[in-house]
Amino acid sequence: MDFIIEAAVKAIKQLYQTDVAPATISLQETRKEFEGQVTIVTFPFTKFSRKGPEQTGTEIGEYLKNELKEIAAFNVIKGFLNISITDEYWIGQLYNHILAEDFAVAKPNGQKVMVEYSSPNTNKPLHLGHIRNNLLGYSVAQILGAAGYEVVKANLVNDRGIHICKSMLAWQKFGNGETPESSGLKGDHLVGKYYVLFDKAYKTQIDELKAEGQSEEEAKKNAPFIKEAQQMLQKWEAGDAEVIKLWKTMNEWVYAGFAETYKQLGVSFDKYYYESNTYLLGKDIIEEGLQKGVFFKKEDGSVWIDLTADGLDEKLVLRSDGTSVYITQDLGTAQLKYNEFHMDKSIYVVGNEQDYHFKVLFLILRKLGKAGADGLFHLSYGMVDLPSGKMKSREGTVVDADDLMAEMNATAKAQTEAMGKVDGFTEADKLQLYHTIGMGALKYFLLKVDPKKRLLFDPNESVDFQGHTGPFIQYTHARIKSVLSKAGYQLNNKIEVTELASVERDLIVLLTQFPDIIGTAANEYSPAVIANYAYELAKTYNKFYHEKSILQAEDEISKQFRLQLSASSAKVISKAMNLLGIDVPERM
RNA sequence: GCACUCGUAGCUCAAUUGGAUAGAGCGUCUGACUACGGAUCAGAAGGUUAGGGGUUCGACUCCCUUCGAGUGCACCA
């Protein structure tokens with residue numbers, strides 16, 4: 001549509017002797033209730049034209065119509081110039097772009113981006129909150145790839161610390177040598193079980209101490225279990241052979257469990273980082289910052305940065321005993337990543353409770369003048385809450401990721417069977433299909449919402465399969481495929497249609513927008529943009545499908561044309577869903 | 001207390017980044033060619049965009065303020 005903007009700039013120069021930047025011309029989709037496909041808002045030009053918005057619109061409209069053969073007609077309503085573009089133009093779009101092999105395939109833009117997501121703790125299984133994180137991260141990576149970036153998907157595993165020692169200790173005390181094999185439990189669930197057991201036992205000890213007259217705070221510090229866990233952490237840091245061995249064993253269990261969950265979710269990573277390798281990093285950056293005068297040292301030896309000029313506080317970056325804090329290792333890890341990949345952008349998919357942390361982290365890296373510091377972005381997303389409130393692993397009030405996915409599959413199975421649509425499917429095909437639909441419903445449900453909004457999830461109200469949902473879009477795709485196969489469709493040459501019905505035009509207009517939609521989604525790091533587009537497209541296709549007969553079209557030309565339109569729609573739906581990490585079935 | 005985020009139909013979400021009469025789905029109600037696949041389509045009802053003020057041709061969107069929800073403000077990670 002750039003050619004219209006260009007012409008409008010020329011029009012304004014000719015008519016009103018004023019140069020305007022192309023960006024000041026807002027070209028938008030015409031609202032459905034008006035004639036036309038694109039609209040120019042003319043209010044901003046009234047200052048140059050010294051005429052009313054309607055007259056200004058009419059003048060520009062006339063100029064454009066004379067200038068551009070693609071413009072069939074225009075109408076002006078208040079300050080809105082609605083432009084109708086010729087059917088010839090739209091038909092050309094279909095044949096020259098949409099049906100082309102490379103439609104919506106962006107050329108490499110020469111930029112590299114890292115998307116870090118998932119970043120689990122190895123002391124418990126994944127839950128619904130992690131699912132949102134994983135889906136967002138994976139989808140954003142897909143979208144950036146489609147927009148022309150070279151993408152590196154990274155996972156920073158939090159595999160050390162006091163919380164890991166808690167499950168280890170509880171397993172030592174209560175485990176009786178239990179393993180995933182002996183218990184039949186998935187590895188991450190087994191470890192998670194001991195994490196919960198630790199917390200229970202710890203609480204009991206706290207209560208005992210309180211009964212003996214200690215304050216809550218004292219009791220929390222003095223409980224034998226927490227002391228033992230701390231000792232274990234010290235042993236771990238000292239490289240104690242026995243502790244390390246147990247740590248490795250239990251981590252292996254967890255990784256095996258995670259691998260299965262990731263596989264079910266359909267997410268993957270190109271690069272793993274482990275905190276056990278990175279937690280000591282960052283001290284050289286502290287030194288560098290001191291030399292540059294970005295940091296300062298207090299009398300006790302602790303190192304700080306003063307961010308009050310930026311509206312934040314003073315922030316500790318190194319303890320007085322010389323050991324790292326959270327942000328120290330994040331500084332180091334950022335450097336490590338950059339040294340390895342030299343990426344232009346780095347996206348951190350992390351929940352919004354860490355907004356402040358990332359604000360500080362990025363600010364520090366920028367003040368240090370680090371390469372790549374301008375490309376840092378925290379993709380912050382809202383928590384997933386239950387009707388009962390927040391999910392808490394320690395208290396067991398979580399929606400477990402594996403359970404939820406199994407439930408989604410079961411629901412998909414029940415729905416599909418109830419409709420009796422799986423005749424001729426092998427058992428393996430059926431399982432595959434239920435998984436595709438169940439995950440489609442879940443993924444779409446989580447991704448259609450703006451990431452930064454918090455999400456309420458009611459486990460008792462199952463995720464819908466009708467209306468604005470993943471299965472709705474999947475169904476549209478399957479139905480198109482069915483029609484195409486019935487027609488024995490093959491892509492053939494351009495069909496000489498000359499006129500479009502309005503539903504056909506609407507569909508082509510939407511299809512042409514796909515590359516721009518990918519661009520917008522990439523710029524905003526928002527899968528929701530893609531999700532809403534895919535829905536809009538499916539809906540428009542369904543409308544077309546109901547209004548126009550394809551196999552019984554009026555004539556062969558119309559039939560072939562509509563088949564091509566259908567094939568294009570299926571292709572774009574499939575690609576869009578793919579960007580969300582959602583598969584679309586051929587039959588369902 | 002300070003900072004950040006959010007508040008749109010009964011419910012779950014949109015709104016082309018300041019543009020037209022705020023749109024969808026679910027739910028409720030009414031319809032659709034003896035199904036090119038009905039997980040679909042057409043229609044109805046449902047709104048003081050939390051309240052108030054301001055900025056301007058125009059505000060769900062920007063500014064101020066009140067209320068409500070959430071999160072963060074550790075020599076924890």
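Just so we're on the same page: letters track the sequence lines, and every chain starts at 1. The analysis underlying the following values was restricted to heavy atoms, covering all of them including side chains, and did not include hydrogens, waters or symmetry mates.
Using cut-offs of 30° and 60° for the angle between ring planes, the A/Tyr272 and A/Tyr274 rings count as parallel. Taking the six-membered ring where tryptophan is involved, the planes of A/Tyr279 and A/Trp236 are tilted, since the angle between them lies from 30° to 60°.
When the C1' atom is used for both B/G43 and B/A24, the distance is 15 Å, rounded to whole Å. Comparing the same atom, P, in B/C33 and in B/U49 gives a spacing of 40 Å after rounding to whole Å. A distance of about 12 Å separates the P atoms of B/A15 and B/G19, rounded to the whole Å. As rounded to the nearest Å, B/C60 and B/G38 have C1' atoms that lie 36 Å from one another. Taking atom P in both B/A50 and B/A69, the straight-line distance is 16 Å, to the nearest Å. Annotation: B/G7 and B/U61 have their P atoms spaced 11 Å apart (nearest Å). B/U56 and B/G68 have their C1' atoms separated by 30 Å, given to the nearest Å. Of the C1' atoms belonging to B/A9 and B/C4, the separation is 29 Å, rounded to the nearest Å.
Of the side-chain N and O atoms in A/Lys421, one or more sit less than 4.0 angstrom from OP1 or OP2 of B/A39. The shortest distance between the side-chain N/O atoms of A/Asn352 and the OP1/OP2 oxygens of B/U5 is not below 4.0 Å. Neither OP1 nor OP2 of B/C36 sits under 4.0 Å from any side-chain N or O of A/Lys559.
For A/His468 and A/Tyr535, the gap between ring centers is short of 6.0 Å. Aromatic ring centres of A/His163 and A/Tyr195: separated by at least 6.0 Å. Aromatic rings of A/Phe74 and A/Phe80 (six-membered ring for Trp) have centroids beyond the 6.0 Å cut-off, not under it.
No side-chain N or O of A/Asp583 forms a donor-acceptor pair with one of A/Thr436 less than 3.5 Å apart. Checked by atom type, the side-chain pair A/Ser566/A/Tyr541 shows a donor-acceptor distance below 3.5 Å. A/Thr122 and A/Asp159 are not linked by any side-chain donor-acceptor pair at a separation below 3.5 angstrom, with hydrogens and angles left out of the test. The closest side-chain donor-acceptor pair between A/Glu116 and A/Ser119 falls under 3.5 angstrom.
Residue-level contact check: A/Gln329 touches the backbone only, with heavy atoms under 4.0 Å from sugar-phosphate atoms and none from bases. At a threshold of 4.0 angstrom between heavy atoms, the contacts of A/Met383 with the nucleic acid are absent. Among the atoms of the strands shown, only primed sugar atoms or phosphate atoms (P, OP1, OP2) are found under 4.0 Å from some heavy atom of A/His468. If you check every strand for non-hydrogen atoms under 4.0 Å, A/Asn121 touches nothing. Using a 4.0 Å heavy-atom cutoff across all strands shown, A/Ala478 reaches at least one base atom of the nucleic acid. Using a 4.0 Å heavy-atom distance criterion, A/Glu547 is classed as making no nucleic acid contact. Counting non-hydrogen atoms under 4.0 angstrom, A/Tyr545 reaches a base of the nucleic acid.
Of the nucleotides present, none pairs with B/A22 by Watson-Crick or G-U wobble criteria with both distances under 3.5 Å. Across all strands shown, B/A15 remains unpaired; no Watson-Crick or G-U wobble contact has both distances below 3.5 Å. Base pairing of B/C60 is not made with any nucleotide, judged by Watson-Crick or G-U wobble geometry with both donor-acceptor distances under 3.5 Å. Partner assigned to B/U5 is B/A69, using Watson-Crick or G-U wobble distances below 3.5 angstrom. In a base pair of the Watson-Crick type (N1 to N3 plus N6-O4 or O6-N4) or a G-U wobble (N1-O2 and O6-N3), with each distance short of 3.5 Å, B/U34 is matched with no nucleotide.
Rounded to whole angstrom, the span from the NZ atom of A/Lys51 across to the C1' atom of B/C57 amounts to 18 Å. When rounded to the nearest whole Å, the span between CZ of A/Phe48 and C1' of B/C57 equals 14 Å. In this structure, A/Asp385 places its CG atom 16 Å from P of B/C6, rounding to the nearest Å. Distance CD (A/Glu536) to C1' (B/G25): 12 Å, rounded to an integer number of Å. Protein atom CG of A/Asp450 is 12 Å distant from nucleotide atom P of B/U16, rounded to whole Å. Atom CD in A/Gln564 sits roughly 22 Å away from atom P in B/C36 (whole-Å rounding). Regarding A/Lys453, its NZ atom lies at a distance of 5 Å from the P atom of B/G7, rounded to whole Å. The interatomic distance linking A/Tyr541 (OH) with B/A39 (P) rounds to 15 Å, in whole Å.
For A/Lys359, whose side chain is taken as the heavy atoms from C-beta onward, the closest listed nucleotide among B/A39, B/C4, B/C13 is B/C4. Nearest to the side chain of A/Ile550, among B/C36, B/U12, B/A39, sits B/C36. Side-chain proximity of A/His546 to B/U71, B/G25, B/U40: nearest is B/U40.
Residues A/Phe472 and A/Leu27 both approach RNA chain B. Their nearest nucleotides, taken by heavy-atom distance, put A/Leu27 toward the 5′ side. Summary of the strand contacts: A/Asn532 and A/Asn158 both lie near RNA chain B, and taking for each the nucleotide with the nearest heavy atom, the more 5' one is attributed to A/Asn532.
Within 3.5 Å, a donor on the side chain of A/Thr416 pairs with an acceptor on the base of B/A39, or the reverse.
Pairs engaging residues 504-524 of chain A under the ring pair (Phe, Tyr, Trp, His ring centres under 6.0 Å) rule: A/Phe514-A/Tyr533 [sequence neighbours left out].
Looking at every heavy atom in both residues, A/Ile550 comes nearest to A/Lys559 through O-CG, 3.4 Å.
Taking the ring centre of A/Tyr381 as origin, the terminal cationic atom of A/Arg132 falls outside the region bounded by 6.0 Å and 45° from the ring axis. Both tests hold for A/Lys298 against A/Trp304: distance to the six-membered ring centre under 6.0 Å, angle to the ring axis within 45°.
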Below 3.5 Å is the cut-off: list the nitrogen or oxygen pairs between protein and nucleotides 73-76 of chain B, distance only.
from	atom 1	to	atom 2	distance (Å)
B/C73	O2'	A/Asp313	OD2	3.3
B/C75	O3'	A/Arg319	NE	3.0
B/C75	O2	A/Ser320	N	3.2
B/C75	O2	A/Ser320	OG	3.1
B/C75	N3	A/Ser320	OG	2.9
B/C75	N4	A/Asp300	OD2	2.0
B/C76	OP2	A/Arg319	NE	2.6
B/C76	OP2	A/Arg319	NH2	2.5
B/C76	O3'	A/Arg319	NH2	3.3

Report each atom pair, protein N/O against N/O of nucleotides 18-22 of chain B, whose distance is under 3.5 angstrom.
from	atom 1	to	atom 2	distance (Å)
B/A20	OP2	A/Arg31	NE	3.4
B/A20	OP2	A/Arg31	NH2	3.0
B/A20	N6	A/Thr39	OG1	3.0
B/A20	N6	A/Asn82	OD1	3.0
B/A20	N1	A/Asn82	OD1	3.2
B/A20	N1	A/Asn82	ND2	3.4
B/U21	OP1	A/Lys78	NZ	3.0

